[in-house]
Visitor: 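So that we are looking at the same thing, I have put the structure below in structure tokens.
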Amino acid sequence: MDKKQNLKTSEYKSSGFGSRTDNQPDRLINQDGSVNVKKTGLNFFDHFSIFHFLVTTNWTKFNLLVILSYLLLISFFGAIYYFAGIEKLGITSEGFTTDLLNAIYFSSQTFSTVGYGRANPLAHETNLIAVAEMLIGMMYLALAAGLLFARFSRPVSKVVFSKKALIAPYRQGKGFMIRLSNAKTNILLEVEVKVLLVMVKEENGVRVRKFNDLPLEMSKINLLAMTWTVVHPIDESSPLYMIGKEQLDRSEAEFMVLIKGINDTLSQTIHSRTSYKSEEIEWDARFTPIYKNHKGVSEVAIDKISDFEKVSI
């Protein structure tokens, strides 16, 4: 017979969100891990970091910005060469469209410091324009290469969480459970999880948020190779003890899940987070197995990580 655990729940003081509920949203952390906070009162460049945006934005936006900025720069200098006089590049005029395209082609060769030799600046003004473009081109290419390296070397978390949390059977009682896995092929080492329960309570006629650090059956594992079902035992010391769905709804409960681990590929710390509101909790259910042995290899069906079945507690 399993020995009954009695893990002490403690009130959490350093959540970073404060206890006031007035003029604040019901949800503090969205399921995608983004924080439900928007900062105002500053001008655009006081809170916006171009470097941070370029490093963290998705690859589609990043590639489009690099291509568009490159085309704009070479077109800008191409237009300057054209208005300075196409003949000053040693090119015979063939009409507006052809001359402008030739100036842009020469601009791209100068920008990248390639230079095919067909055209070259013959006058002082075109030489000065070429010098300025080469300087800007080298800086641009160095910046693009640095951003590319920063994006590849930045630790990115691909922790997948179950869409719903469960109130499921646990030993002789029940527990609050979520399931997670690493979607990448690498291994996460020294993985730690923290679950905070946020509930709104009334104190002296004022509604305030209370943060509880929920004790877990296991808060740290050596490596995350398959899946991990995080369990908070609901016993006499748990804030969820003797609380039903309606009470949880009235308290505007939110379960914040914070993950930290080490990426074994880069030996860098990664972070991930999500949250569950009371309507995202399935009562009287348990997760169904999602892995099997296939030809001596454990297969984990990540797309089924949220699958569960109803049970009677």
Side-chain angles (χ1 to χ4, degrees), residues 30 32-35 37-158 160 183-186 263 265-266 268 270-272 303:
N30 299 313
D32 63 1
S34 60
V35 179
V37 175
K38 181 180 179 181
K39 298 175 183 178
T40 61
L42 299 172
N43 65 55
F44 180 76
F45 291 103
D46 281 338
H47 67 83
F48 179 76
S49 169
I50 295 177
F51 175 79
H52 180 266
F53 172 76
L54 290 174
V55 170
T56 58
T57 191
N58 63 59
W59 279 103
T60 302
K61 289 182 181 178
F62 177 78
N63 291 329
L64 284 174
L65 285 170
V66 170
I67 293 171
L68 287 174
S69 59
Y70 172 76
L71 292 175
L72 285 173
L73 282 170
I74 64 171
S75 299
F76 171 74
F77 279 101
I80 296 177
Y81 289 125
Y82 173 80
F83 287 113
I86 197 71
E87 68 281 352
K88 294 179 181 178
L89 296 176
I91 301 176
T92 303
S93 178
E94 300 178 43
F96 170 75
T97 303
T98 303
D99 289 353
L100 183 59
L101 287 175
N102 282 331
I104 292 174
Y105 294 150
F106 174 76
S107 172
S108 66
Q109 297 161 21
T110 305
F111 193 84
S112 60
T113 69
V114 173
Y116 291 120
R118 175 174 177 267
N120 59 285
L122 302 177
H124 290 299
E125 53 265 43
T126 48
N127 271 295
L128 290 173
I129 297 169
V131 169
E133 184 176 14
M134 282 187 285
L135 177 63
I136 293 174
M138 287 188 292
M139 294 174 62
Y140 176 89
L141 294 174
L143 178 63
L147 287 170
L148 196 62
F149 175 78
R151 289 180 64 88
F152 274 112
S153 61
R154 184 174 68 95
V156 178
S157 168
K158 287 293 183 181
V160 179
K184 286 193 170 185
T185 55
N186 64 347
N263 182 324
T265 304
L266 301 172
Q268 293 177 318
I270 62 97
H271 297 270
S272 187
D303 58 325

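Predicted model, so just to flag it, every value in this text is computed and none were measured.
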Visitor: Measure the CG-OG1 distance between Asn102 and Thr97 for me, rounded to the nearest 0.5 Å.
Guide: 11.0 Å
Visitor: Between Phe62 and Val55, does a side chain to side chain contact (heavy atoms under 4.5 Å, CB included) hold up when you go through it step by step?
Guide: CA-CA 8 Å; Phe62 177 78; Val55 170; over 6 Å; no
Visitor: Calculate, to the nearest 0.5 Å, the distance between atoms CZ and OG1 belonging to Phe51 and Thr56 respectively.
Guide: 9.5 Å
Visitor: Within the structure provided, determine whether Tyr105 and Ile74 are in side-chain contact (heavy-atom separation under 4.5 Å).
Guide: no
Visitor: Please name all residues satisfying side chain to side chain donor-acceptor pair (under 3.5 Å) with Thr126, sequence neighbours left out, ordered by chain then number.
Guide: none
Visitor: So, do Phe77 and Phe106 have ring centers that fall under 6.0 Å from each other?
Guide: no
Visitor: What distance do Ser112 atom OG and Met134 atom CE have between them, rounded to the nearest 0.5 Å?
Guide: 11.0 Å
Visitor: I would like to know whether Phe76 and Ser107 meet side chain to side chain contact (heavy atoms under 4.5 Å, CB included); could you show each step before the answer?
Guide: CA-CA 9 Å; Phe76 171 74; Ser107 172; over 6 Å; no
Visitor: Can you name the side-chain contact (heavy atoms from CB on, under 4.5 Å) partners of Ser69, sequence neighbours left out?
Guide: Tyr140
Visitor: Specify the closest pair of heavy atoms between Asn58 and Lys61, including all atoms of both residues, with the distance to one decimal.
Guide: OD1-N, 2.8 Å
Visitor: So which pairs with a foot in residues 84-93 pass side-chain hydrogen bond (donor to acceptor under 3.5 Å, both in side chains), sequence neighbours left out?
Guide: Lys88-Glu125, Ser93-Asp99
Visitor: With a 4.5 Å limit on heavy-atom distance, are the side chains of Tyr81 and Pro121 in contact?
Guide: no
Visitor: So do the side chains of Met139 and Leu143 get within less than 4.5 Å of each other, counting heavy atoms only?
Guide: no
Visitor: Would you indicate whether Phe53, at its atom CZ, is surrounded by more than 12 heavy atoms from other residues, nucleotides or ligands within a distance under 6.0 Å?
Guide: yes
Visitor: With sequence neighbours excluded, what pairs up with Asn127 under the side chain to side chain donor-acceptor pair (under 3.5 Å) test?
Guide: none
Visitor: Hey, could you give me each pair passing side-chain hydrogen bond (donor to acceptor under 3.5 Å, both in side chains) that has a residue in residues 142-151? Not counting sequence neighbours.
Guide: none
Visitor: Could you tell me which residues satisfy side-chain contact (heavy atoms from CB on, under 4.5 Å) with Ala183, sequence neighbours excluded, listed by chain and number?
Guide: Lys158, Val160
Visitor: Glu133 and side chain to side chain contact (heavy atoms under 4.5 Å, CB included): which partner among Leu73, Thr110, Ile80, Leu128?
Guide: Thr110
Visitor: Do Tyr82 and Ile104 have side chains that get closer than 4.5 Å, going by heavy atoms?
Guide: no
Visitor: Measure the CG-CD distance between Asn263 and Gln268 for me, rounded to the nearest 0.5 Å.
Guide: 7.0 Å
Visitor: Hey, does Thr60 have a side-chain heavy atom less than 4.5 Å from the side chain of Asn63?
Guide: no
